[in-house]
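Input: a single structure, listed below in structure tokens.
As the structure lists them, so they are numbered: ligands from 1, and atoms in each ligand from 1.
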Amino acid sequence: MELNDTVHAASDAFSSWSRRSTYDREKIIRQATSFVRSKADVIGMLMAQEQGKPLNQARSEVIGACDTIEYYAAEGPRIEGYVNPTEAVNIRSHVTYQPVGVCGLITPWNYPVSLLSWKLGPALASGCTVVVKPTPVTPLSPLTFCHALAEGGIPPGVINCITHSATGAGAEMGHLLVQHPGINKIAMTGSTETGKAILAACAPDLRRVSLELGGHCPAIVCADADLNNAAKIIAYKGFRNMGQSCSAIARVYAHQSIHDELVERVKSLAEKMTIGDGVSDPTVDLGPMTTLQGLQKVKTHVTDALEKGAHLVYGGKAPEGERYQKGFFYLPTILTNATPDMLTMREETFGPVVPFVRFDELDDAIDQANATPYGLVSYLFARDQSTIMTTSEALNAGTICVNHGSVNTNYGPYEGWGDSGFGVELGRRAIFEYLKIKHTKIQF
Ligand code: NAD
């Protein structure tokens, strides 16, 4: 379909979808997600093939996406307006909410279905219709997910998809979508650079925008931390999905008294991680990286760090063996002696690389952790309650994870501060990104 046809289809469907009761929409959405769940194997397989994450993790992503959409379906009937007391007995003041209209949903390749559900869930529940534009890197799993929702009962025209332009460029089609006069709101996840371009493109028409962008997430490990737990979470958040996550742990500041012990424990976990083709063996921990470009960036960052004095503790190359000849494989990589001038300490490496820094004073670690334009997630490992309170308040990020790595839960608002975002996703509050306020004042 051409972009114009897609936007018109969404626009035509908006009048009926937005007028349904929220209870009605909840019922329809739940029927649809229940159908999608039955297709999780198929969609998961497409994701494993196009994105590289092991099949078990891909399948879980599809199920998690259904959970998110259902969370918002239930949230729809809880959108409460309110009545204000007024200045006169013959005046009433009602505040209500209405859906913004047709939303353009632009998504990246690292979690192609999950990140779509964060937008699709609140959009559908609030009565919006959508045009989805997945990235050309991983179009198949999100397109099949949308198709399954429609097959499961979401009415025609409510969910529409558009892929790339004739030249194959996702940016080109994204730009056309963002500027289309029939689009009332854009929700996008991707790089900060693209997010800023989208915000600028939406400005002339004052189009509503929400953006979830890049990150460079620090972890501080205090002297009293549970080191087993900290090591487990650092390995999980540093290496899972090959570090291709906005919330990946990108730098670790470890108290000098536990630094070496912590590095040893993370190394021992990295050594045990299984790597391979997650399509034929769904249970491996790590698959290949998604793109050659991504792999090259990782190599550049590691080389740069080593040239600037970092010490390679583990990894730093592809795993050896016949089975790794094909595919963009790379070992989970641990560096110590990292310094702020290294690329990997400043830019998103977006790969399985965790650099460590020693610290003496906690205030110094906090300053270093905050020394970034990003503000997505900060991790803290400590036992002392007052350290936990004061440090989590001092860290500059929209999400603080203390002693765990479970960053995204449907109930928890996820807002990127600074260069990491604009607006919020997840949590109850996110549905208001898809709603307009109406104040109706009646004199009688
Ligand atoms: P990207 O910015 O290259 O692309 C994201 C999407 O935007 C794609 O669909 C792309 O085709 C489209 N696009 C590109 N240029 C556009 C333009 N000018 N106008 C409109 N659309 C355009 O990002 P990516 O490489 O696909 O994804 C990786 C990035 O996403 C990383 O920076 C990562 O940190 C970020 N990310 C953020 C979150 C979060 O929740 N904060 C989650 C996952 C990924």
Residue portion contacting ligand 1 (non-hydrogen atoms closer than 4.0 Å) for Leu376: side chain

Judged by heavy atoms only, the candidate from Leu426, Thr135, Thr189 nearest atom 5 (C) of ligand 1 is Thr189

Could you tell me if the ring centre of Trp109 sits under 6.0 Å from that of Phe350? yes

Ligand 1 atoms nearer than 4.0 angstrom to some heavy atom of Glu348 are 31 (C), 32 (O), 33 (C), 34 (O)

Would you give the length of the straight line joining atom CD of Glu50 to atom CE of Met47, rounded to the nearest 0.5 angstrom? 7.5 Å

In ligand 1, which numbered atoms sit nearer than 4.0 Å to a non-hydrogen atom of Trp109? 24 (P), 25 (O), 26 (O), 27 (O)

Which part of Leu115 is near ligand 1, with near meaning a heavy atom under 4.0 Å away: side chain, backbone, both or neither? side chain

Checking Arg265, Lys272, Glu271 against Ser268 for side-chain hydrogen bond (donor to acceptor under 3.5 Å, both in side chains), the one that qualifies is Lys272

Quick one: OG on Ser420 to CG on Leu376, what's the gap to the nearest 0.5 Å? 4.5 Å

Per-atom contacts, ligand 1 versus Ile198 - under 4.0 Å to a heavy atom: 19 (N), 20 (C), 21 (N)

Between Ile106 and ligand 1, which residue portion shows a heavy-atom distance shorter than 4.0 Å: side chain, backbone, both, or neither? side chain

Is the closest N or O pair between Thr194 and ligand 1 shorter than 3.5 Å? yes

Return the residue, atom name and 0.1 Å-rounded distance of the protein heavy atom closest to atom 19 (N) of ligand 1. His175 N, 3.4 Å

